[in-house]
*Asks:* 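The following block contains the structure, expressed as structure tokens.
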Amino acid sequence: MSLLNLPDRPGPAPRTRGPVPHGQLDQIAPTPLQEEFWQRMRSLSGVYLAPTHVPYPEARAVHLAPEFGTGPDDAFIRQSREFAHQHPPQDGSVHLTLPPATKKHVTDAGWGIPHPIQNTLLLFGPRDRDEIEVAWRILLASYTYARGRAHE
């Protein structure tokens, strides 16, 4: 999935905390947008819900069944089938995996920051309808990578 025409995220980056837990502190996505994003995440083909493999027990994680997920090891979080998780409503950001060049492109455009100690990206929660569509394209790039279909 190409993200070459990814727009720059408007405004300054939100404040974050971390490394553990790593998350967003301000510019929090409205709860209805968080829920819409979660419903989209959980509806992807081959996805199943299971606890996250990181120390953030309130997070909601999506995993990819082995027959659907043939991506490289770094397309998954901590040698699991998890490729993304959404933080609780007071945060609203998402950790996900991406190919290195895509991760750099997303970071350079201001949509997220690399995790300081894991091979994931913290995708900032979408603040409005336009941003949810950009965030969704980025999540789909993660899903495609986990499916083994990403090309850098």
Side-chain angles (χ1 to χ4, degrees), residues 1 3-4 6-44 47-64 69 71-147 150 152:
M1 169 173 295
L3 295 175
L4 295 178
L6 187 66
D8 287 343
R9 182 180 181 274
R15 290 182 309 114
T16 59
R17 68 169 175 240
V20 178
H22 189 227
Q24 187 171 330
L25 294 172
D26 62 6
Q27 301 182 40
I28 306 302
T31 304
L33 290 181
Q34 291 182 43
E35 285 305 310
E36 178 181 336
F37 202 76
W38 173 248
Q39 292 305 320
R40 289 184 189 193
M41 288 171 65
R42 66 180 292 168
S43 70
L44 292 166
V47 163
Y48 65 93
L49 309 181
T52 182
H53 287 87
V54 297
Y56 210 148
E58 303 89 9
R60 302 184 288 188
V62 287
H63 301 247
L64 198 54
D73 289 345
D74 70 347
F76 299 96
I77 298 171
R78 290 193 172 181
Q79 293 98 29
S80 70
R81 304 303 307 162
E82 178 183 351
F83 67 94
H85 60 258
Q86 184 182 51
H87 296 149
Q90 68 271 19
D91 177 329
S93 61
V94 173
H95 273 120
L96 48 76
T97 60
L98 289 168
T102 303
K103 186 188 305 182
K104 181 178 182 339
H105 186 65
V106 170
T107 301
D108 289 349
W111 291 99
I113 57 172
H115 192 290
I117 58 174
Q118 292 179 4
N119 191 28
T120 60
L121 178 108
L122 180 73
L123 176 64
F124 302 136
R127 300 170 289 186
D128 60 32
R129 300 293 326 157
D130 291 335
E131 288 190 9
I132 198 172
E133 297 309 325
V134 175
W136 183 242
R137 286 175 39 214
I138 295 167
L139 187 282
L140 288 177
S142 176
Y143 173 69
T144 301
Y145 188 44
R147 298 273 324 252
E152 293 195 90

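Here the structure is a predicted model, which means the values were calculated and not measured. All values below were derived from every heavy atom in this structure, side-chain atoms included, with hydrogens, water molecules and symmetry-related copies excluded.
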*Asks:* Do E58 and T52 have side chains that get closer than 4.5 Å, going by heavy atoms?
*Replies:* no

*Asks:* What is the distance from atom CZ of R40 to atom CD of E133, rounded to the nearest 0.5 Å?
*Replies:*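 Nearest 0.5 Å value for the CZ-CD distance: 4.0 Å.
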
*Asks:* For Q118 and R78, run side-chain contact (heavy atoms from CB on, under 4.5 Å): C-alpha distance rounded to whole Å, both residues' side-chain angles, the deciding distance at 0.1 Å, then the answer.
*Replies:* CA-CA 8 Å; Q118 292 179 4; R78 290 193 172 181; 3.4 Å; yes

*Asks:* Of all heavy-atom pairs between L98 and S142, which one has the smallest distance, and what is that distance?
*Replies:* CD2-N, 3.6 Å

*Asks:* Between T97 and L121, does the side-chain contact (heavy atoms from CB on, under 4.5 Å) criterion hold? Intermediate values first, please.
*Replies:* CA-CA 6 Å; T97 60; L121 178 108; over 6 Å; no

*Asks:* Once rounded to the nearest 0.5 Å, what's the spacing between atom CD1 of I77 and atom NE2 of H115?
*Replies:* 9.0 Å

*Asks:* CG of D91 to CD of Q24: how many Å apart, nearest 0.5 Å?
*Replies:*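 The CG atom of D91 sits 6.0 Å away from the CD atom of Q24.
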
*Asks:* Which pair of heavy atoms, one from R137 and one from P7, lies closest together, and at what distance?
*Replies:* NH1-CD, 4.1 Å

*Asks:* Measure across T102 and A141 and return the closest heavy-atom pair with its distance rounded to 0.1 Å.
*Replies:*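 Closest pair (atom of T102, atom of A141, distance): CG2-CB, 4.4 Å.
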
*Asks:* Can you confirm whether more than 12 heavy atoms, excluding those of Q79, are under 6.0 Å from its CD atom?
*Replies:* no

*Asks:* Using a 3.5 Å distance criterion without hydrogens, assess whether the side chain of R81 forms a donor-acceptor pair with backbone atoms of L64.
*Replies:*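 Yes; judged by distance alone, with no hydrogens or angles, the pair exists.
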
*Asks:* Is the ring pair H95/H87 parallel, tilted or perpendicular, if the boundaries are 30 and 60 degrees?
*Replies:*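 If you compare the ring of H95 with that of H87, the planes turn out perpendicular.
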
*Asks:* So, taking the atom named CG in D108 and the one named CG in D8, what distance separates them when rounded to the nearest 0.5 Å?
*Replies:*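 Result: 9.0 Å between the selected atoms.
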
*Asks:* Would you check if I138 and W111 make a side-chain contact, meaning some heavy-atom pair closer than 4.5 Å?
*Replies:* yes

*Asks:* Report the C-alpha distance between Y145 and L140 in whole Å, list the side-chain angles of each, state the deciding distance to 0.1 Å, and finish with yes or no for side-chain contact (heavy atoms from CB on, under 4.5 Å).
*Replies:* CA-CA 8 Å; Y145 188 44; L140 288 177; over 6 Å; no

*Asks:* Between A84 and L139, which heavy-atom pair has the shortest distance, and what is it?
*Replies:* CB-CD2, 3.9 Å

*Asks:* Ignoring hydrogens, what is the shortest heavy-atom contact between L33 and P126? Give both atom names and the distance.
*Replies:* CD1-O, 3.6 Å

*Asks:* Do V62 and W38 make a side-chain contact, defined as non-hydrogen atoms from C-beta onward lying under 4.5 Å apart?
*Replies:*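 Yes. Closest side-chain heavy atoms under 4.5 Å.
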
*Asks:* Within the side chain of Q86, is there an N or O that forms a donor-acceptor pair under 3.5 Å with the backbone of V94?
*Replies:*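 Flag not set: sc Q86 to bb V94 has no pair under 3.5 Å.
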
*Asks:* For residues 118-128, which residue pairs pass the salt bridge (charged side-chain N to carboxylate O under 4.0 Å, His left out) check, not counting sequence neighbours?
*Replies:* R127-E131

*Asks:* Atom CG of N119 and atom NZ of K103: how far apart are they, to the nearest 0.5 Å?
*Replies:*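 Result: 3.5 Å between the selected atoms.
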
*Asks:* Is any NZ, NE, NH1 or NH2 atom of the basic residue among R129 and E36 found under 4.0 Å from an Asp or Glu carboxylate oxygen of the other?
*Replies:* yes

*Asks:* Under a 3.5 Å distance rule, please check whether S93 uses its side chain to pair with a backbone N or O of F124 as donor and acceptor.
*Replies:*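 Answer holds: no.
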
*Asks:* Write down the atom of L6, the atom of H105, and the distance for their closest heavy-atom approach.
*Replies:*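 Result for this residue pair: CB-NE2, 3.5 Å.
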
*Asks:* Give the table of side-chain donor-acceptor pairs shorter than 3.5 Å for residues 10-19, with sequence neighbours excluded, one pair per line with atom names and distance.
*Replies:*
| unit_1 | atom_1 | unit_2 | atom_2 | d |
| --- | --- | --- | --- | --- |
| R15 | NE | D26 | OD2 | 3.3 |
| R17 | NH2 | Y56 | OH | 2.8 |

*Asks:* Relative to the ring of W136, is the ring of F37 parallel (under 30°), tilted (30 to 60°) or perpendicular (over 60°)?
*Replies:*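 Because their plane-to-plane angle is over 60°, the rings of F37 and W136 count as perpendicular.
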
*Asks:* Measuring from atom NE2 of H63 to atom CD of E82, what distance do you get when rounded to the nearest 0.5 angstrom?
*Replies:* 4.5 Å

*Asks:* Judged by modelled atom types alone, do Q27 and R9 share a side-chain donor-acceptor pair under 3.5 Å?
*Replies:*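 Their side chains do contain a donor-acceptor pair, which is all the 3.5 Å distance test asks for.
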
